[in-house]
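Read the structure below first, then the notes.
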Amino acid sequence: MKWKPSPSNSGLSNLVQSLVQNPPQLPFYSSIFKSLIGQNCLKLGQQLHAHMAIRGLVPDAFVAAKMVAMYASSGDIISAFHLFRATENPSPLLFNAIIRALTLYGKSRKTIEIYSQMHYLGLRGDYFTFPFVLKSCADLSFVGFGRCIHGLSLRSGLEIDTYVGTSLIDMYVKCSQLGNAQKMFDELPIRDVSSWNSLIAGYMKDGLVQYAEELFRRMNNRNIVSWTAMISGYTQNGLADKALALFDQLLSEDSGVRPNWVTVMSVLPACAHSAALERGRQIHSFARERGLESNASVKTALMAMYAKCGSLADARSCFNTMRPKEKNLVAWNTMITAYASHGYGKEAVSTFENMIRAGVQPDGITFTGLLSGCSHSGLVDAGLSYFYSMRTVYLVEPTHEHYACIVDLLGRAGRLVEAYNLISQMPMKAGPSVWGSLLSASRSHRNLEIAELAAKQLFVLEPHNSGNYIILSNMYADAGMWEEVKDLRTKLKSQRVKKTPGGSWTEVNGKAHFFLGGDTSHPQSKQIYSLLEELPQKIKLAGYVPDTSFALHDISEEEKEHNLATHSEKLAVAFGLLSSSPGTVLRVTKNLRICGDCHTAIKFISRIYGREIIVRDVNRFHHFKDGCCSCGDFW
DNA sequence: CTAGGGTTAG
């Protein structure tokens, strides 16, 4: 039976008829492939490709370029690359298509390789080629190759192109050649906002905050990237207050610039840095309102913020709201590290096992978290077993950080000789973190012999770190070796050792209150000190004896006790007790390791006042509750 | 087409 066109689809039937009479040739396919670019219609593209093949049509370079772009934009870089390889007489257009596709997929080495072939064939790059090649140079820090591209673009006059010029600026920035980046910027006749933003990021990366600020002030068209570059730059340079202030300014200013998910991600580490839990929660709410919370990277940044601000529960619930497919390596690492830093070793281990079961390949950071978690919880055998299997089972090469974790793990368990032997077997030179771990373990286990070995190394590796001198000096004093104490004091003075002042802070109603040791500058100092004066009697009644071995041994016992009584962490805890309602959790952050006497005192305070107190020191969290600490008195 | 981003120990 013959097919009869009905009047209603005569347009279509005309099309079919004309297709039968004039079978489609390459330009026909070409235009359809072009229309499929960016439409994510892989199936349709494949069918069309097959259709061509059946009809014996071989794509030329022009059609292949469209097809490469179609495949790449539909997620199939493999087919894109095969097609590129199979095409004879590749044109610059085809090279541009594959170079763009490879860069899109982060294949920097391949990009450079293909560009080299292009160059070898005598085909010149243009302003569609160089930005991608330069980005690949930047990612790989191939500054030499980047300079060659710079030279080639000079010859073809492309260096005045805004895109090429900005890519050159960025390449120099990423390769740490700020001078060249600035020179490029100065010589670029037409700069756009990206050119400025690249340079701002460059100055921030090198810690030259004032130069970045100057650029930011001078530019007249700031977009969200400009603001975000400044905010993240402040965060990276430890200027959390400035980052938060600029974020506030962005919200209040009527500039029509709206924060996006990258902005939120950039400001969260500032909250984490200053342990500003309330600020962090506010930003979380803000992200939720703006619909930015669903982003998996934002959730990971929120997890890290909550964990570092002392709220493990919030970190965990963020993690639990993530869909299994969203949980990537960074998300798992963040959760494992969160558990580890709070002393929840078993949970760190089970999270790691879940990660493996989910089919996510661990990396070095995963193991740093896992091993430190085992260390914090005294899971010595588990930690050692993971350490030995990381390279054999998971194909992750142990680095210096991992050795530091294991020295710490053995040291806490009192296995100091094993720890020392491990150090001598390390494939790399042991640094301060490894020797520092050994020294503090020797102090805890009162092993003067090994302490001396560790300290000897540390005096060379970090001669200006006061902590090492103090630990060894106190150990000598405990052993009554006063000659050695005297020698060490002389050494300490001659080295002009810088002593980091101990400071603690706590957040009340979103405002941080900062205290130094013996600080009397706080408006509520009077009440704080009178509370602290009552404390010793109260807690001595509960069985507390001040441990003066944590003070420097060159003052009288009485003075020592007084110094201890006004350590910054005690001041912050006392202030917290005064200014928060009973039953709430107190959160205190200290810039150094918590002192042993304060640790004992805070344990008693948690019992006497019935408060949960969470102290973050440089290394980890201490959860004090009912007279006990989550660290099990070992840290 | 170029610019801004989350996870490491002690």
Side-chain angles (χ1 to χ4, degrees), chain A residues 96 99-100 103-104 126-135 138 161-171 173-174 191-202 204-205 223-233 235-236 259-269 272 295-305 307-308 328-338 340-341 363-373 375-376 399-409 411-412 431-441 465 467 592-593 617-620 635:
Chain A
N96 283 350
I99 283 172
R100 179 170 183 240
T103 311
L104 196 70
D126 59 16
Y127 46 75
F128 268 106
T129 322
F130 290 147
F132 299 104
V133 180
L134 286 166
K135 184 180 165 59
D161 177 80
T162 305
Y163 283 114
V164 175
T166 301
S167 301
L168 280 165
I169 294 171
D170 197 54
M171 186 273 295
V173 161
K174 299 243 163 77
R191 302 182 275 245
D192 68 2
V193 59
S194 309
S195 325
W196 288 80
N197 292 346
S198 256
L199 199 60
I200 285 178
M204 281 299 197
K205 180 170 168 267
N223 64 10
I224 188 55
V225 178
S226 327
W227 287 85
T228 307
M230 288 301 293
I231 291 169
S232 75
T235 309
Q236 283 157 18
N260 60 17
W261 64 279
V262 185
T263 320
V264 169
M265 265 181 33
S266 308
V267 73
L268 285 173
N295 183 294
S297 301
V298 169
K299 274 193 194 144
T300 309
L302 282 167
M303 282 165 60
M305 179 277 292
K308 287 183 181 157
N328 63 8
L329 176 67
V330 181
W332 286 103
N333 284 353
T334 306
M335 197 63 234
I336 292 170
T337 308
S341 66
D363 70 353
I365 295 173
T366 317
F367 282 98
T368 309
L370 180 63
L371 298 178
S372 73
S375 180
H376 288 166
T399 64
H400 189 269
E401 283 72 31
H402 301 111
Y403 279 93
C405 289
I406 292 300
V407 168
D408 195 59
L409 179 97
R412 278 162 205 265
S433 56
V434 165
W435 290 114
S437 280
L438 190 66
L439 179 62
S440 48
N465 183 334
L592 302 172
R593 183 176 174 275
D617 72 7
V618 264
N619 298 329
R620 60 168 295 165
W635 73 92

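These numbers come from a predicted model, not from an experiment. Within every chain, numbering begins at 1; the chains are lettered A, B, ... in the order of the sequence lines, protein sequences first and strands thereafter.
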Can you see if the side chain of A:H376 gets near the phosphate of B:dA9 - specifically, an N or O under 4.0 Å from OP1 or OP2?
no
May I have the distance from A:L268 (atom CG) to B:dG4 (atom C1'), rounded to whole angstrom?
15 Å
Distance in angstrom units between A:I224 CD1 and B:dG5 P, rounded
13 Å
On the nucleotide B:dG5, are OP1 or OP2 found under 4.0 Å from the side-chain N or O atoms that A:Q236 carries?
yes
So what does A:F130 hit on the nucleic acid, given a heavy-atom distance under 4.0 Å: a base, only sugar-phosphate, or nothing?
nothing
Nearest to the A:N197 side chain among B:dA3, B:dT7, B:dG5, which nucleotide is it?
B:dA3
Just distance, no hydrogens or angles: give the donor-acceptor pairs under 3.5 Å from side chains in residues 295-302 of chain A, sequence neighbours left out.
{"residue": "A:N295", "atom": "OD1", "partner": "A:S297", "partner atom": "N", "Å": "2.7"}
{"residue": "A:N295", "atom": "OD1", "partner": "A:V298", "partner atom": "N", "Å": "3.2"}
{"residue": "A:T300", "atom": "OG1", "partner": "A:A296", "partner atom": "O", "Å": "2.9"}

Taking only the side-chain nitrogens and oxygens of A:K308, find out if one of them lies under 4.0 Å from OP1 or OP2 of B:dG6.
no
Side chain of A:S372, heavy atoms from C-beta onward: which of B:dC1, B:dT8, B:dG10 has the nearest atom to it?
B:dG10
Just by distance, do the side chain of A:T129 and the backbone of A:N96 share a donor-acceptor pair under 3.5 Å?
no
Taking any heavy-atom pair under 4.0 Å as a contact, classify A:T166: base, sugar-phosphate, or nothing.
base
Nearest to the A:S232 side chain among B:dA9, B:dG5, B:dT2, which nucleotide is it?
B:dG5
Looking across every strand, which nucleic acid part, if any, lies under 4.0 Å from A:D408 by heavy atom: base, sugar-phosphate, or nothing?
sugar-phosphate
Indicate whether A:F128 forms a stack on B:dC1; treat it as stacked only if centroid distance is below 5.5 angstrom and interplanar angle below 30 degrees.
yes
Just one of A:D192, A:T228, A:N223 clears the side-chain hydrogen bond (donor to acceptor under 3.5 Å, both in side chains) bar with A:N197, so which one?
A:N223
Categorize A:N260 for me: base, sugar-phosphate, or nothing, with a 4.0 angstrom heavy-atom threshold over every strand shown.
base
Among the nucleotides B:dT2, B:dA9, B:dA3, which one has an atom lying closest to any side-chain atom of A:D192?
B:dT2
By the 4.0 Å heavy-atom rule, please label A:Y163 as base, sugar-phosphate, or nothing.
base
Could you state the NZ-C1' distance from A:K205 to B:dG4, rounded to the nearest angstrom?
14 Å
Quick check: any donor-acceptor pair below 3.5 Å linking the side-chain of A:S194 to the base of B:dT2?
yes
Just the rounded figure in Å: distance from P of B:dG6 to CE of A:M265.
5 Å
Is the backbone of A:F367 close enough, under 3.5 Å, to the side chain of A:H402 for a donor and an acceptor to pair up by distance?
no
Rounded interatomic separation in angstrom, taking CG from A:N465 and P from B:dG10:
16 Å
Selection from B:dG6, B:dG4, B:dA3 that lies nearest to any side-chain heavy atom of A:S198
B:dA3
Among the candidates B:dT8, B:dG4, B:dC1, find the nucleotide nearest to the side-chain atoms of A:P131.
B:dC1
Among all residues two or more places apart in sequence or in another chain, which pass the salt bridge (Lys or Arg N to Asp or Glu O under 4.0 Å) test with A:K135?
none
Consider the side chain of A:S375, meaning its heavy atoms from C-beta on, and name the nucleotide among B:dG6, B:dG4, B:dG10 that approaches it most closely.
B:dG10
For A:W227 and B:dA3, give me the distance from atom CH2 to atom C1', rounded to whole Å.
17 Å
Check whether more than 12 heavy atoms from other residues, nucleotides or ligands sit under 6.0 Å from atom CZ of A:R100, and answer yes or no.
no
Just the rounded figure in Å: distance from P of B:dA9 to NE2 of A:H400.
14 Å
Tell me which nucleotide among B:dG4, B:dG10, B:dT2 gets nearest to the side chain of A:F132.
B:dT2
Looking at A:S433 and B:dA9, is any side-chain donor or acceptor paired with a base atom of the opposite kind under 3.5 Å?
yes
Nucleotide nearest A:I365 (side chain, heavy atoms from C-beta), chosen from B:dT7, B:dG4, B:dG6
B:dT7
Does a side-chain N or O from A:R191 land closer than 4.0 Å to OP1 or OP2 of B:dA3, or not?
no
Reckon A:N223 touches a base, only the sugar-phosphate, or nothing at all at heavy-atom distances under 4.0 Å?
base
What is the distance from CG of A:L199 to P of B:dT2, rounded to the nearest Å?
18 Å
Among A:L409, A:I406, A:V407, the one residue meeting side-chain contact (heavy atoms from CB on, under 4.5 Å) with A:S375
A:L409
Could you please name the option among B:dG6, B:dG5, B:dT2 that lies closest to any side-chain atom of A:N328?
B:dG6
